[in-house]
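For reference, the structure discussed in these notes is given below.
All figures in this text were calculated on a predicted structure; none of them were measured in a lab.
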Amino acid sequence: MSKLFFSVAFLLVTMLFMQCKKEGTPGPEGPRGEQGATGNANVKTDTFRLTNAQWTAGGTYILDHVQGGYMWSVSRYHERNFTAITQDVLNTGMVLCYFTPSLTFNVNNWVPLNYSMLNPNNSFFYNIAYETSVGKVKLYYFYRTNIPGTDPPAISSAVIPNYKFKIVAVSGTMGRTMNSGTAKNIHLKGRDYTEAQLKAMPYNEVCQLLDIAP
């Protein structure tokens, strides 16, 4: 009799609890979240980090500095595959590259490539450059002397710091009318920009023009 009494009492308490839970007053609506950044289907980005071990030795960075003449630097290099870089992007769009000079002091500082900085004793320059082809970007790390008749340190034995890189591929859909003679131009938000202007522009300004998240 005692077991039956406690079983019935337990059942009644459980049903009462469930009924109260079901009929409770809903709580107040939570605060609305911030609006997400606007995306752009015509712009693709790729962000990644590189360590010293990921830079391959034996590269050569070549620059035509006069008509019919060139100079070159022995370099380390890294090839980054990025399928968003199509032939159409290379023909009528553009590829922008950025990196963070210091992951210690400012991980959100995106600086345009190509990049050059004089070393502390003014004897040579640190350089990071890039070149594009279908499906990939090739990054170069090399030194250039600042003192005629002297050689910079051997790049093959250099210990390259960790860096973060970002590639931005702007499709030909956005830039169908970009090609103008030998220069590329793009019309964004009521104004024409050359490819050189966009490449030299701070990353946050580029994001605003292309409607992409920083």
*Sidechain-backbone polar pair: Gln197 side chain, Thr194 backbone, donor-acceptor under 3.5 Å*: yes
_Rounded to the nearest 0.5 Å, what separates atom CG in Leu139 from atom CD1 in Ile128?_
8.0 Å
*Please report the shortest heavy-atom distance between Asn109 and Pro101, naming the atom on each side.*
O-CD, 3.7 Å
*Which pair of heavy atoms, one from Ala169 and one from Ile85, lies closest together, and at what distance?*
CB-CG1, 4.3 Å
*If you measure from CG on Asn204 to CG on Asn108, what distance do you get to the nearest 0.5 Å?*
9.0 Å
*Please check if the distance between the ring centroids of Tyr126 and Tyr143 is under 6.0 Å.*
yes
*Looking at side-chain heavy atoms only, is the closest gap between Val206 and Tyr98 below 4.5 Å?*
yes
*Can you hop from Phe48 to Val95 via hydrophobic side chains spaced under 4.5 Å?*
yes
*Answer yes or no: is there a side-chain heavy-atom contact under 4.5 Å between Leu209 and Leu198?*
yes
*Taking all non-hydrogen atoms of both residues, which atom of Val107 and which atom of Lys164 are closest, and how far apart?*
O-NZ, 2.8 Å
*Take Val168 and Leu210 through the test side chain to side chain contact (heavy atoms under 4.5 Å, CB included) and record every step on the way to the result.*
CA-CA 10 Å; Val168 180; Leu210 299 179; 4.3 Å; yes
*Check step by step if side chain to side chain contact (heavy atoms under 4.5 Å, CB included) holds for His78 and Phe165.*
CA-CA 11 Å; His78 178 84; Phe165 293 87; over 6 Å; no
_Intermediate values then yes/no, side chain to side chain contact (heavy atoms under 4.5 Å, CB included), Val89 and Lys44_ = CA-CA 11 Å; Val89 166; Lys44 305 294 183 183; over 6 Å; no
*Using atom types as modelled and distance alone, determine if a side-chain donor or acceptor of Arg144 lies under 3.5 Å from a backbone N or O of Ser116.*
no
*Any link between Trp55 and Met117 through a network of hydrophobic side chains (Ile, Leu, Val, Met, Phe, Trp, Tyr) touching at under 4.5 Å?*
yes
*Working to the nearest 0.5 Å, report the span between CZ of Phe142 and CD1 of Ile155.*
9.0 Å
*Would you say the side chains of Asp88 and Thr86 form a donor-acceptor pair under 3.5 Å?*
no
*Quick one: which of Tyr140, Tyr141, Tyr130 gives a ring-ring contact (aromatic ring centres under 6.0 Å, His included) with Tyr61?*
Tyr140
*Between the main-chain N or O of Ser171 and the side-chain N or O of Asn42, is there a donor-acceptor pair closer than 3.5 Å?*
no
*So do the side chains of Trp110 and Thr47 get within less than 4.5 Å of each other, counting heavy atoms only?*
yes
*Under 3.5 Å, is there a donor-acceptor pair linking the side chains of Thr51 and Asn162?*
no
*asked:* Restricting to non-hydrogen atoms, name the atom on Phe125 and the atom on Thr145 that form the minimum distance, rounded to 0.1 Å.
replied: CD1-O, 4.4 Å
*Could you pull out all residues at least two apart from Arg80 that satisfy salt bridge (Lys or Arg N to Asp or Glu O under 4.0 Å)?*
Asp46
*Exercise: identify the closest heavy-atom pair between Pro214 and Cys207*: CA-SG, 3.6 Å
*With side chains defined as the heavy atoms from C-beta onward, is the minimum distance between Cys97 and Val137 less than 4.5 Å?*
yes
*Tell me, do Thr56 and Glu79 make a side-chain contact under 4.5 Å, heavy atoms counted?*
no
*Shortest non-hydrogen contact from Lys199 to Pro112?*
O-CB, 3.0 Å
*Could you tell me the separation between the OG atom of Ser102 and the OH atom of Tyr163, rounded to the nearest 0.5 Å?*
8.5 Å
_Distance (rounded to the nearest 0.5 Å) between Thr100 OG1 and Phe105 CZ_ = 13.0 Å
*Without swapping roles, check the side chain of Lys138 against the backbone of Tyr77 for a donor-acceptor pair under 3.5 Å.*
no
*Value rounded to 0.5 Å, distance of CD1 in Ile147 from CZ in Phe124*: 10.0 Å
*Just wondering, do Asn114 and Asn127 contact through their side chains at under 4.5 Å, heavy atoms?*
no
